[in-house]
Amino acid sequence: MDLLNNALGIHDKALRVRNQRMELLARNIANEDTPHFKARELDFKTVMAKFEPAEPMAATNQTHFDYGDDKLDDDGLRYRVPFNASADGNTVEITVEQAKYGKAAADYQATLTFLENRVNSIRKALRGD
Amino acid sequence: MPMSIDNIFGIGGTALHAQMIRMNTTASNLANAGTTAATEQEAYRGKRTIFKALMDDQMTNAGSPYVGGVKVDKIVDDTKPVPRVYDPGNPLADGDGFVFQANVNEVTEMVDMMAASRSYQNNVEVVNTARELMMRSLEIIKA
């Protein structure tokens, strides 16, 4: 189904990343009262960059080291820096997480809308009307 | 890592369960707040729940459908000293007329109950939002 994969563009991959981010935020909210829990965040840009083919760094001199592919090792997970430290070492700030979760849900809906439009165009093309 | 919006239901579910246990211990503490005992050992001690985060590998090894979340690691006794109160009229009083009361502070328990209830509501909201998004996704495949 390569035709359909391309037809959906970047949006199906984006939806997966958006979903992963919502999952992570849900986990932060779930661990609101867990001692020593460190809240995490997903860097959307880093994860999405993995879907783009990486441009290899040119070695113009024989003494240049092989740069390697650092991008693939980065899972995009970052620890959140809390605004206020808490006594039990927990870095979840529930109001921040709530706001982020709300925004993430809106982002998810936006990607869904893009996806819906794509699906509608494919449907239109298939029907030919 | 399996990718699906229903992981959020699992994560939310573990949190609801954990907070429910916390509310139950608080209820037990409140119910036993007024109890007295003849000896220090027999006196009721407040129960505290200690939460623990569930890690990815822990979950997948257990074959669980959800990833991450929280569980109640243990329930421990409050280490506050049990108050020794002079109450010679109490049938449980020892030779000197002292009884041992539960080391529970009602106000602290009420606050803890409210905190647990707020956390519970938060996680209900998380599950609700995920459910709405799931329904939205279903709309796409509708003709």
Side-chain angles (χ1 to χ4, degrees), chain A residues 8 11-13 15-40 42 47 75-77 88-92 94-95 97-120 122-123 126-127, chain B residues 1-19 21-23 48-56 59 66-74 112 115-116 118-143:
Chain A
L8 294 177
H11 301 303
D12 67 323
K13 296 177 188 84
L15 196 70
R16 261 179 281 166
V17 180
R18 297 251 191 248
N19 182 54
Q20 197 190 346
R21 173 140 190 272
M22 282 193 68
E23 231 180 84
L24 204 61
L25 293 175
R27 201 177 315 171
N28 289 346
I29 295 176
N31 284 291
E32 181 194 344
D33 301 310
T34 309
H36 308 300
F37 182 84
K38 306 294 178 218
R40 286 191 297 178
L42 190 70
V47 184
D75 55 5
L77 291 173
D88 64 354
N90 183 312
T91 64
V92 179
I94 193 64
T95 42
E97 299 299 333
Q98 276 174 324
K100 297 249 181 210
Y101 189 82
K103 171 80 166 34
D107 289 345
Y108 189 96
Q109 288 219 26
T111 304
L112 264 186
T113 309
F114 283 126
L115 212 52
E116 198 169 11
N117 290 343
R118 294 273 181 152
V119 170
N120 282 342
I122 295 168
R123 193 174 278 145
L126 288 176
R127 279 195 190 131
Chain B
M1 192 190 281
M3 283 292 162
S4 156
I5 196 130
D6 48 55
N7 285 338
I8 297 178
F9 294 113
I11 295 168
T14 60
L16 293 180
H17 183 67
Q19 297 294 348
I21 292 177
R22 182 175 166 204
M23 280 195 266
R48 299 275 170 264
T49 46
I50 310 287
F51 289 167
K52 193 177 177 210
L54 289 166
M55 290 300 145
D56 292 358
M59 304 297 290
Y66 42 80
V67 182
V70 63
K71 68 166 185 173
V72 174
D73 190 31
K74 52 193 168 192
D112 198 48
R118 287 305 291 266
S119 298
Y120 191 92
Q121 284 171 21
N122 275 335
N123 284 290
V124 170
E125 267 327 296
V126 166
V127 171
N128 250 335
T129 308
R131 187 183 54 86
E132 269 166 33
L133 290 176
M134 203 175 191
M135 299 311 282
R136 249 319 300 271
S137 313
L138 285 177
E139 294 277 309
I140 292 185
I141 53 169
K142 250 203 222 158

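Within every chain, numbering begins at 1; the chains are lettered A, B, ... in the order of the sequence lines, protein sequences first and strands thereafter.
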Trainee: What is the minimum heavy-atom distance between A:M22 and B:I8, and which atoms define it?
Mentor: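 A:M22 and B:I8 have their closest heavy atoms at CB-CD1, 3.7 Å.
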Trainee: Among residues two or more places apart or on two chains, list those pairs meeting salt bridge (charged side-chain N to carboxylate O under 4.0 Å, His left out) that have a residue in residues 105-117 of chain A.
Mentor: A:R18-A:D107, A:K103-A:D107, A:E116-B:R136
Trainee: Which residues pass the ring-ring contact (aromatic ring centres under 6.0 Å, His included) test with A:F37, sequence neighbours left out?
Mentor: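 For A:F37, no residue satisfies ring-ring contact (aromatic ring centres under 6.0 Å, His included) once neighbours in sequence are set aside.
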Trainee: Can you say whether A:L24 sits under 4.5 Å from chain B via the side chain, the backbone, both, or neither, judging by heavy atoms?
Mentor: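 Contact with chain B involves no heavy atom of A:L24 at all.
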Trainee: So which part of B:E132 gets closer than 4.5 Å to some heavy atom of chain A, the side chain, the backbone, both or neither?
Mentor: neither
Trainee: Taking side chain as everything from C-beta outward and backbone as N, CA, C, O, which of these in B:R118 sits under 4.5 Å from a heavy atom of chain A? Side chain, backbone, both or neither.
Mentor: neither
Trainee: Apply side chain to side chain donor-acceptor pair (under 3.5 Å) to residues A:D33 and B:Q19 and explain how you reach the verdict.
Mentor: CA-CA 9 Å; A:D33 301 310; B:Q19 297 294 348; 2.9 Å; yes
Trainee: Of the backbone (N, CA, C, O) and the side chain (C-beta and beyond), which part of B:A130 lies under 4.5 Å from a heavy atom of chain A, both, or neither?
Mentor: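 Its backbone and side chain both get close to chain A.
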Trainee: Count the heavy-atom pairs under 4.5 Å between each of B:A18, B:S119, B:A15 and chain A, then report the option with the highest count.
Mentor: B:S119
Trainee: Less than 4.0 angstrom from a charged side-chain N to a carboxylate O is my criterion; do A:D12 and A:R118 meet it?
Mentor: no
Trainee: Report which part of A:Q109 has an atom under 4.5 Å of a heavy atom belonging to chain B: side chain, backbone, both, or neither.
Mentor: both
